[in-house]
Amino acid sequence: MKKPHNELFAGPTIDVARRLIGATLNRRLPKGEPGAGQIVSGRIVETEAYLPLVDPACHAYRGPTKRTATLFGRPGTAYVYLIYGMYYCLNVTTEPPGIGAAVLIRALEPLRGIEEMRRRRGPHVPTAALLSGPGNLCRAMSIDRRCDGADFRNGNLIIEPCVAGVRVATQSGRRIGLNVAADWPLRFVDAHSPSISPFRRSRGRSAQVAAK
DNA sequence: CAATAGATCATCT
DNA sequence: GATGATCTATTGC
């Protein structure tokens, strides 16, 4: 039994998004599939904040629905949804219960279970790219709607904070794939990681502004 | 390198 | 009935 990391999910959404860079995501592969029970894990190197109340790109913006119910629950819960009929996206809920907001996990650097990830992504995918991109990391780690509502402190989907004292060179920039409020500087990356997701068209240019 | 098309479906209007 | 917090392959410069 490990110590729960409540402090990791506390505070403003932007702070959580920054704090999650360098943290470790551990996933225990579900029963009934290859590698069941094994742990696959990665180091978080890219996140995006979706702010409470004021953010038109946040799924919570128009109030709770059946799909987005978990967004309004306690912080540190998994919000998983299907996008484009084909891929899942994994979020960490933030803010107190009743307020909908989250941090999207966009990319990780593979740590454990590389063979299991490659089995799900394909034999020719380079190791550094196995967990690069929100849809890809969910596929590699067998994360889908069954994970919606999971607690990141216990269970089969756990986030452990960055080791104390480790400094990650974090940068911020515009968000990716949005039609509204894409230019808000709410995307955070570990600038030195080879696993950051490729830049994609989201209109305009992708300004990278140095943060701390 | 940049732009575009197509795959595919739960959710919401 | 339209729409995505995506990804890959393909085309064109």
Side-chain angles (χ1 to χ4, degrees), chain A residues 13-14 16-18 20-21 25 42 44-73 75 77-95 99-108 110 117-150 152 157 159 172-189 194-208:
Chain A
T13 300
I14 290 182
V16 179
R18 237 191 314 252
L20 284 175
I21 299 294
L25 176 69
I44 299 174
V45 295
E46 181 173 354
T47 62
E48 270 176 8
Y50 287 84
L51 303 183
L53 305 174
V54 298
D55 185 356
C58 181
H59 284 184
Y61 187 62
R62 288 156 203 252
T65 66
K66 185 180 176 186
R67 177 181 62 157
T68 64
T70 57
L71 271 180
F72 296 82
T77 304
Y79 166 57
V80 182
Y81 67 94
L82 178 69
I83 187 68
Y84 299 115
M86 216 173 280
Y87 297 98
Y88 292 94
C89 289
L90 173 66
N91 296 255
V92 180
T93 63
T94 56
E95 308 289 340
I99 300 182
V103 173
L104 171 69
I105 309 295
R106 288 196 58 90
L108 304 90
M117 299 181 202
R118 206 185 308 280
R119 173 174 1 226
R120 288 162 175 78
R121 289 294 317 281
H124 305 302
V125 179
T127 300
L130 284 171
L131 302 174
S132 186
N136 287 334
L137 73 89
C138 284
R139 171 155 299 179
M141 293 183 140
S142 283
I143 292 169
D144 56 32
R145 262 244 121 186
R146 293 175 300 180
C147 300
D148 189 65
F152 282 114
L157 197 57
I159 295 179
S172 65
R174 59 180 295 141
R175 295 185 289 189
I176 293 178
L178 302 181
N179 292 311
V180 294
D183 54 341
W184 295 11
L186 297 177
R187 173 172 173 268
F188 301 93
V189 302
S195 297
I196 295 169
S197 71
F199 290 112
R200 296 182 191 286
R201 43 108 195 159
S202 59
R203 259 198 99 71
R205 81 186 69 246
S206 47
Q208 285 283 82

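Since this is a predicted model, take the numbers as computed values, not measurements.
Contact check for A:Leu108 versus A:Leu130: no side-chain heavy atoms found under the 4.5 Å cut-off. Using a 4.5 Å heavy-atom cutoff, the side chains of A:Arg175 and A:Leu104 are not in contact. A:Pro52 is listed as a side-chain neighbour of A:Thr13, based on a closest heavy-atom distance under 4.5 Å. Contact check for A:Leu20 versus A:Phe188: no side-chain heavy atoms found under the 4.5 Å cut-off.
Whole-Å rounding puts the A:Arg106 CZ to C:dC7 C1' distance at 11 Å. Going from atom CD1 of A:Ile176 over to atom C1' of C:dG4 covers 16 Å, rounded to whole Å. Residue A:Leu71 contributes atom CG, which lies 12 Å from atom P of C:dA5 at whole-angstrom precision. If you measure from atom OH of A:Tyr87 to atom C1' of C:dC7, you get 4 Å, rounded to the nearest angstrom. Whole-Å rounding puts the A:Tyr88 OH to B:dA7 P distance at 19 Å. The nearest whole Å value for the distance from the CZ atom in A:Arg62 to the C1' atom in C:dT3 is 12 Å. Atom NE2 of A:His124 and atom P of C:dC7 are 20 Å apart (whole Å). Rounded to whole Å, atom P of C:dT6 lies 11 Å from atom CZ of A:Arg175.
Checking each of A:Leu90, A:Thr47, A:Ile176 against A:Arg106 for a side chain to side chain contact (heavy atoms under 4.5 Å, CB included) leaves exactly one that passes, namely A:Ile176.
Between A:Tyr61 and A:Val54, the shortest heavy-atom contact is CE1-C, 4.0 Å.
Between A:Asn179 and the phosphate of C:dA5, there is no side-chain N or O to OP1/OP2 separation shorter than 4.0 Å. Contact between the side-chain N/O atoms of A:Arg139 and the OP1/OP2 oxygens of C:dC7 is not found at any separation under 4.0 Å.
Separation of the C1' atoms belonging to C:dT8 and B:dA10 is 22 Å when rounded to the nearest angstrom.
More than 12 heavy atoms of other residues, nucleotides or ligands shown are found within 6.0 angstrom of CZ on A:Arg145. Atom CZ of A:Arg139 is surrounded by 12 or fewer heavy atoms from other residues, nucleotides or ligands within 6.0 Å.
Scanning for ring-ring contact (aromatic ring centres under 6.0 Å, His included) contacts around A:Phe152 gives an empty result, with sequence neighbours left out.
When distances run from any side-chain atom of A:Pro134 to the nucleotides C:dA5, C:dC7, C:dT8, the shortest one goes to C:dC7.
Stretches of at least 3 consecutive Watson-Crick or G-U wobble pairs, with each checked distance under 3.5 Å, appear in DNA chain B as B:1-7 with C:6-12, B:9-12 with C:1-4.
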List, with names and distances, any nitrogen or oxygen atoms from the protein found under 3.5 Å away from nitrogen or oxygen atoms belonging to nucleotides 8-11 of chain B.
| from | atom 1 | to | atom 2 | distance (Å) |
| --- | --- | --- | --- | --- |
| B:dT8 | O2 | A:Tyr84 | O | 2.6 |

